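A quick note: this is a predicted structure, and the numbers were derived from the prediction, not measured.
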Amino acid sequence: MKLVIAYIAPFKLDEVRDALKAAGVTGLTAVSAQGFGRQAGHTETYRGSEYEVDMVPKVRIEVLVDDTLAPTVISTIETTARTGSTGDGKILVVPVEDAVRIRTGERGREAV
Amino acid sequence: MKLVIAYIAPFKLDEVRDALKAAGVTGLTAVSAQGFGRQAGHTETYRGSEYEVDMVPKVRIEVLVDDTLAPTVISTIETTARTGSTGDGKILVVPVEDAVRIRTGERGREAV
Amino acid sequence: MKLVIAYIAPFKLDEVRDALKAAGVTGLTAVSAQGFGRQAGHTETYRGSEYEVDMVPKVRIEVLVDDTLAPTVISTIETTARTGSTGDGKILVVPVEDAVRIRTGERGREAV
Amino acid sequence: MEINSGDTAWLLTSSALVLFMTPGLAFFYGGMVRQKNMLAMLMMNFVAMGIVTIVWIAVGASLAFSGTGKFIGDLNLAGLMDVGLGNELFGERYAIAIPDTVFLMFQCMFAIITPALIAGAVAERMKFTAWVAFILIWSIVVYAPMAHWVWGGGFIATQVKAVDFAGGLVVHINAGAAALALVLVLGPRTGWGKQVMRPHSLPLTILGAGILWFGWFGFNSGSALGSNGLAGQAFMTTHVAAAVAATAWVLAEAMSNGKPTTLGFVSGAVAGLVAITPAAGFVNLLGAVVIGLAAGVICFLALKLKTKFKFDDSLDVIAVHLVGGILGALLLGLLADADVNALASGGMEQFGRQATSVVIAFAYSFIVTFIIAKVLDMVMGIRATETQEREGLDLSLHEEQAYVMAD
Amino acid sequence: MEINSGDTAWLLTSSALVLFMTPGLAFFYGGMVRQKNMLAMLMMNFVAMGIVTIVWIAVGASLAFSGTGKFIGDLNLAGLMDVGLGNELFGERYAIAIPDTVFLMFQCMFAIITPALIAGAVAERMKFTAWVAFILIWSIVVYAPMAHWVWGGGFIATQVKAVDFAGGLVVHINAGAAALALVLVLGPRTGWGKQVMRPHSLPLTILGAGILWFGWFGFNSGSALGSNGLAGQAFMTTHVAAAVAATAWVLAEAMSNGKPTTLGFVSGAVAGLVAITPAAGFVNLLGAVVIGLAAGVICFLALKLKTKFKFDDSLDVIAVHLVGGILGALLLGLLADADVNALASGGMEQFGRQATSVVIAFAYSFIVTFIIAKVLDMVMGIRATETQEREGLDLSLHEEQAYVMAD
Amino acid sequence: MEINSGDTAWLLTSSALVLFMTPGLAFFYGGMVRQKNMLAMLMMNFVAMGIVTIVWIAVGASLAFSGTGKFIGDLNLAGLMDVGLGNELFGERYAIAIPDTVFLMFQCMFAIITPALIAGAVAERMKFTAWVAFILIWSIVVYAPMAHWVWGGGFIATQVKAVDFAGGLVVHINAGAAALALVLVLGPRTGWGKQVMRPHSLPLTILGAGILWFGWFGFNSGSALGSNGLAGQAFMTTHVAAAVAATAWVLAEAMSNGKPTTLGFVSGAVAGLVAITPAAGFVNLLGAVVIGLAAGVICFLALKLKTKFKFDDSLDVIAVHLVGGILGALLLGLLADADVNALASGGMEQFGRQATSVVIAFAYSFIVTFIIAKVLDMVMGIRATETQEREGLDLSLHEEQAYVMAD
Ligand SMILES: Nc1ncnc2c1ncn2[C@@H]1O[C@H](COP(=O)(O)OP(=O)(O)O)[C@@H](O)[C@H]1O
Ligand SMILES: Nc1ncnc2c1ncn2[C@@H]1O[C@H](COP(=O)(O)OP(=O)(O)O)[C@@H](O)[C@H]1O
Ligand SMILES: Nc1ncnc2c1ncn2[C@@H]1O[C@H](COP(=O)(O)OP(=O)(O)O)[C@@H](O)[C@H]1O
């Protein structure tokens, strides 16, 4: 099993989730995040003082998948979240050694 | 060392934390999350328009543990967070290659 | 590639980010978190009732790095986030099997 | 008496201020619940602005202020159909110089906020539909008679000869006793005593308290029903009692817990405002200071006691409104200064009258509310299900979410 | 007429209350947008307090209230330079006993909130600079003439003989028609219909609604321009219509969607307040109930219809203000009670006048707004870019962030 | 003079409005601090409503308004025990027709908000207990004498012959100078200049600004101490100055930084309100426009300068209240229009008097505050520890958390 982690633009969340659903993914967990990367940050101005803020709002999503589904998940996120401008984000894949569905106690692939 | 990640229902957080403490866990990090899974989402209505919202509030917790403690942690979360209804959540185990306690610079098992 | 995860004190975020930038890191993702550990929690009082709250606000940061840069990242976080008191936090290293830059589709080291 | 534009101006303003107190109260309470029940809490208060107004114009005002019954008014004013632009109805009767419509609207705002006060006790678990049914019935069966007894020429005014300047009996003891009854029928929130239930947004609570303090000038000073020396006196006693009680609460707290809290300050202010309510136009400044001091300290101690009891009065309606209201109603009996208002003069006689009226108000409100609650519970159920409580009443009862920070 | 201190007190208070409605409206709207556009929404409302005030003292007040033109006032009062401390200008003319400054400031607050109402329709996408230009021009070209026609002695008052107590035509239909025109020029928000755009903070919306209800007493009851029986009547009809409409909306909603919502309640209240606005000083209590009922149910249905249309009126200015305003203006024609106010008496004749005035107000506002919007769009562009919309207008247009919870 | 119900109505309303400004100010400031210090900020403001009221009735009012001393009043009114329902004390003396209680409460609200204004300068680091001690002493030693000099028959009124309609000297310059002194003793926040310290909730700041604007009508127009032409004039100049200053600030900002900000708009409005305060009842409309313009532009520039200085005036009390107050007090000397108010007529003579009074007010407040701060610092320490600052004052000083979004 793999944990596919992705940082995406907030306004892409709905679309990515729907695409993943369509691709057969049965679950996903999302968290609001702040990212810094190549994408330029922004200036904020408070009473005439300018602050350069280089953290940009992102959403961090996490999908636990069976090894075989991982490539589909990655390519689905990739194509859906892409706008072509910096700040589109990244996808990482982390190995998962075990998984449990709390409700039933099922383990491993069953738990996904 | 392992990183045990779990998605649980928000109202279970206090209970799970206390149970983990009792089981010998010395630390934990929690983050508010939105999950989608088998659990039905909910309808929201704003001025007569209904929106199906399939993201449900969850808490994502993360526990760094020594390999030997991992099974206890998993089973503790499992039993404490279980209510028997969909939405109870999941637990995953991810391998950790190294760990550092920032305050002291201790590494590996010492750092847990 | 590695994913370096760190839990740090919120007021250290700016400093750590700047130090990491200086050390050559090109991106980072941060999330607000609540941590429990050795650091004492605090008491909250509402209308005469005292509550012991042992979750402390933390920031969870995540840096995807090339294997070779990992030690630098760790030591940078370590030195910058350290104040010497409990609650300074922890750093973990998790293996990453694959990475994708969404914008370009670049993979692996290229994607970092 | 001819209509006086100055008196009318102050009463129009006061009516608006008292209406504004209900949103203020909504936020005062709302900030203290968990975020998943925020909207449900706001809604319990706001809906009173709808339902009670309708009840009031339909029958409430008439039952409270029409006729000469000892125990209840008549229905001659039902629907307020005969109310004109002048002051034929209430001008002579109360020797006031404001249009009847203004008198009736000023009173309407009191009828609204009284059941809204109860909402704090049943927060985070009462079913919304049951709440609507409850305030509808309660406004007719409990509020209207009580208002009649005290202000509409009923037996508390004429026989017991107790006084109540702006609603110690009619509003606060009434709401507090009802809160106790309702809480006993309803039972505690799921997880109560086990889970920590912290206020989700104290800034909103404090905002609500600010609005309440502001609006209370209309409540108390407006109860002079004119723009005159008595209104000025009530304004002053109100402000001073609030200030003293807030300070006293924080001091008591600092001495007992070690830390002065913001929630403590505003709770003290509200307790002081509650306690001065019946007395505002009867006491001198010293009286106001004493009442404020008593309210701050005793309501704080009442809260400390609360943990000893087995009921879950979620947002402390009993400790603040019941205890505060009783304090004010009784102390007024001792402290009333005939130089301020010839209608009452402090001493054991007036104290006795006040004590009697407190017992009557408490007993009536408690018993009748208990019965209403029991009946409603049998008929329709008054509690949300455990699943609804878990999910939060906002989503489960109203299909809404208070805060959506996504995107 | 000599200046009367009571009338003046109520009008000073009312002016302050109406000014306070604009912040109230800002929060009512602000809570409904996504958090990334929160400040931009607040700013669209607040800036009207700046720009429109300046326009008003420069030329607006004069165009609306000076001279005897049928279609437009003159510029004799431009800059308000000749306004003294007395009531020479408006005292005799309107038979009122308040200083001219107070009359002009009371009217200024109406001029401010009217364009602010439009902001809800163009939320989350209109360019700030274009908005500033828009309200500046609109206040002169649309608002001032309309105010003149209805309240300044223009042809709607004198020829059409339609009445408008507190701004059904001048404020609500005017703003609603302008909203429709502006939305048609502007087009829908990026992602509209595809993305779910939920209110980011309903508590703030509800707070705004509370402030609006409170302030509306100044708006409607203050429109009696005195502290008297008529003010009392307008106060009562206003409060009752709001209460009935809020309740009706929630009932309609519960019957149609299954759940009563908090946003529904406050939307209903606002709809009721809008609808009673033109009628507040003309109808009796029964009239207020009917208007409230109609507003609650019909504005709710208007919203349900909205999905059928292709325009994105983000925060429902049309369904609430245009529909509500028309309802009130027309129903007043049927329900006006000459015992309340000798100026209008319900019946087909008055209904016809009202209908005519509605058509005129709608047509004028719609057409002229459409032209202004088109011209502005050509000259400077009125829409934020897609990237700005994506990033949120707060950051992209104002370099600010509404909420920063870090550390 | 007999008590006049209309004057009384407006002063009752104004007193309530001015009280409401302190919660407004609390939110205006509170939104600008980091969330971990939100409650501490609110508390610094709210506690003034408690402490200062007590000080005021005990000795403050007497020191300010009793007796005929040049430099300080007497203690004959201490405890306000002899204040009746009539207007024996102040009616003749000030030729006003409101009850003495109302005059004293109106003034009390000014005494409250003045030290509360200072809180913005010392935000996020001052110890709460020290703050309480500070405002207690300061109200007696600085505020009461200053009020006496200017409004209580003291030497600024009688010898210097400077005028101050609603508190340019007594409130704004006084608070601004004190802020400067206190900041110098206190030192900057930990991390200041290194860490970015952004406002945590601009919507709450803007809400506060809305409340301030609303309440300021009571502050300035209420300072006419009657409901008359002068009150109307002060109302108008107040509103117009706020509108012009807000607009001017945003323009200056757009020209200098490129983006108009919401915080800029409301800061400008407050600056305008500050600057018009001393002048509200002395200038004509043109004067108000000039003062508004000056306030918007110059206070903005003062802020830009601020980065050059080494002190951390956290929320810009100096740039807004000190600079704004001085501007208003001086410009009034040039612009006062004797047709508006016979008490002052613009010209070099009046300008000289105003300048003298500004210097005196500044010097007195600065020096005495500096001494109080130094003494308090030695006696009890006035700063929170670095650890407390890091953790946030809410948790460390008050054991409370502003926002708890869990569950
Ligand atoms: N090395 C990294 N580690 C963790 N997160 C990263 C890293 N690089 C980028 N990110 C995340 O991805 C987001 C987008 O990255 P950015 O470099 O701005 O755009 P792109 O990858 O499209 O060129 C960042 O805002 C951040 O959240
Ligand atoms: N494949 C997945 N990847 C990541 N998170 C998941 C996945 N499946 C479920 N989750 C998380 O677990 C939560 C519960 O899952 P759900 O399917 O609703 O219930 P259950 O596992 O009890 O049947 C979800 O809300 C989501 O946060
Ligand atoms: N075993 C753990 N698993 C996950 N997070 C942990 C663990 N231990 C500590 N943490 C995180 O690190 C933070 C600091 O840990 P703490 O024990 O308080 O201080 P220190 O490591 O400096 O002694 C905690 O608040 C928590 O967020």
Q: Might you work through the side-chain contact (heavy atoms from CB on, under 4.5 Å) test for Ser15(D) and Phe217(E), ending with a clear yes or no?
A: CA-CA 9 Å; Ser15(D) 303; Phe217(E) 291 123; over 6 Å; no
Counting only heavy atoms closer than 4.5 Å, note whether [X] contacts chain E via side chain, backbone, both or neither.
| X | result |
| --- | --- |
| Leu17(D) | both |
| Thr22(D) | neither |
| Met49(D) | both |
| Phe103(D) | neither |
| Val52(D) | neither |
| Phe27(D) | side chain |
| Leu12(D) | both |

For the student: nearest non-hydrogen atoms of [X] and [Y], plus distance:
| X | Y | value |
| --- | --- | --- |
| Ala402(D) | Pro203(E) | O-CD, 3.2 Å |
| Met43(D) | Val250(E) | CE-CG2, 4.1 Å |
| Leu397(D) | Lys259(E) | O-CD, 3.1 Å |
| Pro260(E) | His398(D) | O-ND1, 2.8 Å |
| Ala243(E) | Ile54(D) | O-CD1, 4.3 Å |
| Ala9(D) | Ser227(E) | N-OG, 2.9 Å |

Q | Mutual orientation of the aromatic rings belonging to Phe214(E) and Phe20(D) [parallel < 30°, tilted 30-60°, perpendicular > 60°] | A | parallel
(Q) Please identify, among Ile206(E), Asp7(E), Asn228(E), the residue contributing the most non-hydrogen atom pairs under 4.5 Å to chain D. (A) Ile206(E)
(Q) Measuring only between side-chain heavy atoms, which start at C-beta, is Phe235(E) closer than 4.5 Å to Val102(D)? (A) no
**Q.** Pairwise side-chain contact, His239(E) with Ile112(D), heavy-atom cut-off 4.5 Å (strictly under)
**A.** yes
Roughly how far apart are [X] [atom1] and [Y] [atom2], rounded to 0.5 Å?
| X | Y | atom1 | atom2 | result |
| --- | --- | --- | --- | --- |
| Met105(D) | Thr238(E) | CE | OG1 | 10.0 Å |
| Leu85(D) | Asn284(E) | CG | CG | 10.5 Å |
| Asp394(D) | Thr262(E) | CG | OG1 | 6.5 Å |
| Leu19(D) | Trp216(E) | CG | CH2 | 13.5 Å |
| Phe128(D) | Thr261(E) | CZ | OG1 | 9.5 Å |
| Asn4(D) | Ser5(E) | CG | OG | 8.0 Å |

(Q) Using the rule given for side-chain contact (heavy atoms from CB on, under 4.5 Å), can you reason through Ile57(D) versus Val289(E), listing the C-alpha separation, both sets of side-chain angles and the distance that settles it, and then say yes or no? (A) CA-CA 10 Å; Ile57(D) 58 169; Val289(E) 170; 4.0 Å; yes
Q: Kindly indicate, with the supporting measurements, whether the criterion side-chain contact (heavy atoms from CB on, under 4.5 Å) is fulfilled by Phe46(D) and Val266(E).
A: CA-CA 8 Å; Phe46(D) 270 72; Val266(E) 296; 4.0 Å; yes
Side chain, backbone, both or neither: which part of [X] has an atom under 4.5 Å from a heavy atom of chain D?
| X | value |
| --- | --- |
| Ala245(E) | neither |
| Leu11(E) | neither |
| Thr13(E) | side chain |
| Ser221(E) | side chain |
| Thr247(E) | side chain |

(Q) Let's test your reading of the structure: which of Glu400(D), Met38(D), Met109(D) forms the most heavy-atom pairs below 4.5 Å with chain E? (A) Glu400(D)
Q) Using a cut-off of under 4.5 Å for heavy-atom pairs, which of Pro23(D), Gly50(D), Gly86(D) has the most such pairs with chain E? A) Gly50(D)
Q: Determine the sole option in Leu42(D), Val47(D), Leu39(D) for which the side chain to side chain contact (heavy atoms under 4.5 Å, CB included) test with Phe265(E) is passed.
A: Val47(D)
Q.
Between Leu204(D) and Leu207(E), does the side-chain contact (heavy atoms from CB on, under 4.5 Å) criterion hold? Intermediate values first, please.
A. CA-CA 10 Å; Leu204(D) 292 182; Leu207(E) 175 67; 5.7 Å; no
(Q) Tell me if a side-chain donor or acceptor on His200(E) pairs with a main-chain N or O of Val404(D) at a distance below 3.5 Å. (A) no
